[in-house]
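Take a look at the structure below.
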Amino acid sequence: MNIDNYNFAGKKAIVRVDFNVPLDENGNITDDTRIRGALPTLKKILADGGSLIIMSHMGKPKGKVNPKMSLGHIKDAVAKALGTDVQFAPDCAAAADMAAALKPGQALLLENLRFHPEEEGKPVGIDKEDPAYDAAKKEMKERQKDFAKTLASYADVYVNDAFGTAHRRHASTAVIADYFPADSKMLGYLMEKEVKAVDNILNNIKRPFTAIMGGSKVSTKIGIIENLMDKVDNLILCGGMTYTFAKAMGGNIGTSLCELDKLDLALDIMKKAKEKGVNLVLGTDCVAADAFSNDANTQVVSVMDIPEGWEGMDAGPETRKLFAETIKPSKTILWNGPAGVFEFDNFTAGSRAIADAIVEATKDGAFSLVGGGDSVACINKFGLADEVSYVSTGGGALLEAIEGKVLPGVAAIEGK
Ligand code: AMP
């Protein structure tokens, strides 16, 4: 079923969104991107004359009620964004009466799903090593089904628009779909867009295809690096992982970030790239600092020869040029992970050079996808989010999708 073709008139729709927005100490929203992201879906349902039951998690309350993570904090913001009143159900598992009373055009926001351990379906208070763990897990899985069934009982139709949690098989993201027939469950607009963007990267590649992987560690990116190796023409590896590669090649890396147990893996990646004809692009020079601080002293040095007591914090000028030259002629671009400690203003140049080159390539007709946590913060910091083809709202979900894994949240609806 496709959301655009579905008429919600007279129907009650339960929609899983990702309203896990950052709050300040007073409970005020500091970034409402996720709320804005879900609006097309929510507004379509109301405009059709449906009633809306909105559900989300916030933070990691670990199955317990935690007032700091109450979705009550964002009720007014959601109402404002939707342009209509929003009622609030203080317990998502006891909202049947409120849901039943909803009239067409009315909206109800459920309290944080993760106040109930059943949402995640993981047993609480028991260690994985405990001999009773397996039995506890089995029991929790049964409770998860009941919880999902309760949520499902509120509505006639289920919509999943929470891409950020689509890689989790939780009650509200996947299990609930079992309680709706195929013609009464669907992806929301945001999910559709995310899935299409990933499809463009994986299955609709215009060449050259350049992937830029940065961030702090090789270990968290290895799955995606291996998967991309079969697809890309150019693979730029930057950020903190640069120094694991430099060390593996026998360089002196001072106090730079390094995963000593991943040196062989780094050499293996280099070997595989050669075998597969992938142009692996690593930084040659870096901006090194004498402390992990924005105000540290800096010098530009070779990544293979960083002085004792200094650490590589950003890509150097030669590297920035190399990265930009690789990116600009590309027709498909994926960027995940910054090229330096971009949170410090003095170490943004590498990430900025990448962002600028992506923007230029996009103007020349490339499809560019920026995603995964910090790259989004980075592109937002530069004010360039509107100048790339797509900025994904997913972190882990995006990476898993690009690794080629089927996302449980998508599979539950598409029946794969
Ligand atoms: P990740 O979560 O793995 O994508 O890593 C993102 C983090 O990597 C950001 O907070 C960056 O500050 C950090 N990062 C990027 N380059 C470096 C570097 N050369 N040294 C230390 N941290 C870095």
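Quick note: numbers below take in every heavy atom, side chains included, and nothing from hydrogens, waters or symmetry partners. Small disclaimer: the values here were computed from a predicted structure and weren't measured. Note that ligands are numbered from 1 as they come in the structure, with each ligand's atoms numbered from 1 the same way.
A side-chain N or O of Ser368 and one of Thr362 form a donor-acceptor pair less than 3.5 Å apart.
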Please tabulate, one line per pair, the protein nitrogen or oxygen atoms found under 3.5 angstrom from a nitrogen or oxygen of ligand 1, with distances to 0.1 Å, or say none if there are no such pairs.
{"residue": "ligand 1", "atom": "2 (O)", "partner": "Asp374", "partner atom": "OD2", "Å": "3.4"}
{"residue": "ligand 1", "atom": "3 (O)", "partner": "Ser216", "partner atom": "N", "Å": "3.1"}
{"residue": "ligand 1", "atom": "3 (O)", "partner": "Ser216", "partner atom": "OG", "Å": "3.1"}
{"residue": "ligand 1", "atom": "4 (O)", "partner": "Lys221", "partner atom": "NZ", "Å": "3.0"}
{"residue": "ligand 1", "atom": "5 (O)", "partner": "Ser216", "partner atom": "N", "Å": "3.0"}
{"residue": "ligand 1", "atom": "5 (O)", "partner": "Ser216", "partner atom": "OG", "Å": "3.4"}
{"residue": "ligand 1", "atom": "8 (O)", "partner": "Ser216", "partner atom": "N", "Å": "3.3"}
{"residue": "ligand 1", "atom": "10 (O)", "partner": "Glu343", "partner atom": "OE2", "Å": "2.4"}
{"residue": "ligand 1", "atom": "12 (O)", "partner": "Glu343", "partner atom": "OE1", "Å": "2.6"}
{"residue": "ligand 1", "atom": "12 (O)", "partner": "Glu343", "partner atom": "OE2", "Å": "3.4"}
{"residue": "ligand 1", "atom": "16 (N)", "partner": "Gly240", "partner atom": "N", "Å": "3.3"}
{"residue": "ligand 1", "atom": "19 (N)", "partner": "Gly312", "partner atom": "O", "Å": "3.0"}

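Phe342 and Phe344 have their aromatic ring centers separated by at least 6.0 angstrom.
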Salt bridge (Lys or Arg N to Asp or Glu O under 4.0 Å) evaluation trace for Lys145 with Glu118
CA-CA 8 Å; Lys145 283 186 201 159; Glu118 290 83 359; over 6 Å; no
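Ion pairing of Glu259 with Lys247 is absent here, as no side-chain N (NZ or NE/NH1/NH2) approaches a carboxylate O to less than 4.0 Å. By the 4.0 Å N-to-carboxylate-O rule, Lys272 lies close enough to Asp268 to be salt-bridged with it.
Listed for the Glu194 side chain is a donor-acceptor partner under 3.5 Å among the backbone atoms of Thr393.
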